[in-house]
Structures are given as C-alpha cells and as structure tokens.
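Remarks on the structure that follows.
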Number of protein chains: 2
Amino acid sequence: MKTSPLTPRCPIRTTLELLGGKWQLLILDRLGEEAVAFTDLKLRLHPISDKVLAHTLQRLRESKLVDVVGGKYRRTKAGTATGPLLAAIVAYGQEYERLLAET
Amino acid sequence: MKTSPLTPRCPIRTTLELLGGKWQLLILDRLGEEAVAFTDLKLRLHPISDKVLAHTLQRLRESKLVDVVGGKYRRTKAGTATGPLLAAIVAYGQEYERLLAET
DNA sequence: CTTCATACTTACCTAAAGGTAAGCTTAGCT
DNA sequence: AGCTAAGCTTACCTTTAGGTAAGTATGAAG
C-alpha cells in the first residue's frame, strides 16, 4: 500500500498504511503497557519468524508507534493511542462472527 | 493474508482479513446508507479501476458485508456494523497526525 | 575458552494484491 | 440499424508482504 501524491491525505488510508499489515496490530496488542524483549514478544506472537518480527518492529519504530528502551520494545504515545482502535477491531471481529452465526 | 488451521480464530485477524485491504473500508464508507450503482460508486472512490472495484465488491459480497439489490450495491447488516470501527479508524488517523505534529 | 541463548541479518522464494489496458455484453437512446 | 454508456471480464505485469532457512555478533554462564 503506497501513498501517492494523487491520493489525498485520508485518515482511513493513514491508519491502513500504518496498521493494515498482518502483524502490526497484534504486536501493539501484545506489547501492552510494559516494555518487552524481542524473544519474549516473539513467544507472545507465536508463530512469527525472527525476520518478520524484526522487520515489522523496524517499521513500527519508523512510524513512531514503538520505541526501544534498554533493549526492550515499548509502545510510544502514538502506539498507546491505538487502544480504542484495537478495541473496535476486536469488537467488530466478534460481532461479525455473531452476525454470521444467526441463521 | 490467509487463515491457517494453526492460527486460532482471533478477532483481530478476522477483522484484518475482512477489511485489511486497500479498498474495503473505503468502499463501505462511501456506500453509506443508500444503495449505490457501480459507476456511481466508482466515482466516489476515484481513482479506482473497474477491475479492482469489481473484484473487491465480489469479495465483500462473499464475506456478506455487501449485497446487491436491483443492480445496486448496499451494505448488509454486517457491513453496516463496521460503523464504529470506521469511526475509530478515522479518529486514529487524525490523532496520529496530531501526535506526530507536536514536536 | 567454549557453549548457549539472544537478537538480529541475509539470501531466497512465493502468493496475492493491486494496477493498466483492452475487450465484451446488454440495454437504451435516436 | 448504429451509437453510447454501464458494468463487468480477461490478460498481463509489478510490487511487496510474508515465509523458510541459515548465518552472524555479542554477552553471559559453566
């Protein structure tokens, strides 16, 4: 997903570009409030490969959603601000299953 | 993004699989409450190609988020239920820009 | 001083999303 | 009958996310 100068700055696109991948939201979710070390985080996300985790964390750092303190990963303010979004995503996933389940 | 039997049913993944693509959420957003014809929808989403729109609509129909009535596209109940999610996504996109703006 | 775990990096591959361009079918003007 | 627009479909191409497997650097532990 790339931003072109033709595509005007749309908040939906902004969010999708930051968090639309397979792991970004899961990582933010598993980070919680604490700072977590690479291998610990890996276990919480299982099964993710070293490469994909390292690369995704790098991208999250570049977008300032995550930073590193004392060798551990932690959400930034912008990362923590995903809280309500995360909640809405979880809620929708559940609601969707529920709606499909009824007949 | 594929679902493997190994990846347990996680609501975050469910939502990402349904709506993580480039156009799904935009389409749901532009559909609003009314039923909209293909070409009309295309104009609202500009620039999207015929092929991508047709294909994405097909996928949305398969996941029961959109249906067709009298040749026009309309959100289903599950499609309409994305409302709060959409709002959270827009809100986060704006909040993110705001947070990055403050040095 | 060697072994192991941590935290990555590198090389390589694949599938799929998305894009461009062109064609095709049907219905409705005129 | 001929033309146009709507709504798709088809063929083709490119990019990138994600995955596997292996390698490397560093420090702590035994």
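So you know, we letter chains A, B, ... as the sequences are listed, proteins then strands, and number each from 1. Side chains included, hydrogens not; waters and symmetry mates left out as well; all remaining heavy atoms used.
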Does this structure show an ion pair linking B:Arg61 with B:Asp67, if we count only N-O contacts that are shorter than 4.0 Å? no
Nearest whole angstrom, please: distance from the P of C:dT20 to the NE2 of B:His46. 10 Å
Please list every donor-acceptor pair under 3.5 Å in which a side-chain atom of residues 37-47 of chain B meets a protein atom from a residue at least two apart or in another chain.
| residue | atom | partner | partner atom | Å |
| --- | --- | --- | --- | --- |
| B:Lys42 | NZ | B:Asp50 | OD1 | 2.5 |
| B:Arg44 | NH1 | B:Arg30 | O | 2.9 |
| B:Arg44 | NH1 | B:Glu34 | OE2 | 3.3 |
| B:Arg44 | NH2 | B:Glu34 | OE1 | 3.4 |

Under 4.0 Å: is that the gap between some side-chain N or O of A:Lys72 and OP1 or OP2 of C:dA7? no
Can you tell me how far C1' of D:dA17 sits from CG of A:Leu16, to the nearest Å? 15 Å
Starting from P on C:dT14, measure out to NZ on A:Lys22 and report it in whole angstrom. 18 Å
Would you mind reading off the distance between A:Lys42 atom NZ and C:dT6 atom C1', rounded to a whole angstrom? 10 Å
Atom CG of B:Leu26 and atom P of C:dA17 are separated, to the nearest Å, by 17 Å
Validation: residues 86-94 of chain B side-chain donor-acceptor distances under 3.5 Å, sequence neighbours left out:
| residue | atom | partner | partner atom | Å |
| --- | --- | --- | --- | --- |
| B:Tyr92 | OH | A:Ala78 | O | 2.7 |

Quick one: closest heavy-atom pair of B:Lys64 and A:Leu100, and the distance? CB-CD2, 4.1 Å
Which atom pairs link the protein and nucleotides 5-12 of chain D when you take only N or O atoms and keep those under 3.5 Å?
| residue | atom | partner | partner atom | Å |
| --- | --- | --- | --- | --- |
| D:dG7 | OP2 | B:Thr39 | N | 2.8 |
| D:dG7 | OP2 | B:Thr39 | OG1 | 2.5 |
| D:dC8 | OP2 | B:Tyr73 | OH | 2.9 |
| D:dC8 | N4 | B:Asp50 | OD2 | 2.5 |

Tightest non-hydrogen contact, residues A:Val52 and A:Thr56, listed as O-OG1, 2.7 Å
Would you kindly give the CG-to-P distance between B:Leu53 and C:dG19, to the nearest whole Å? 11 Å
Without decimals, in angstroms, what is the distance between B:Leu60 CG and C:dA17 C1'? 14 Å
Is there side-chain contact between B:Leu16 and A:Lys22, with heavy atoms separated by less than 4.5 Å? no
Whole-Å gap separating P (D:dA17) and CG (A:Leu19): 14 Å
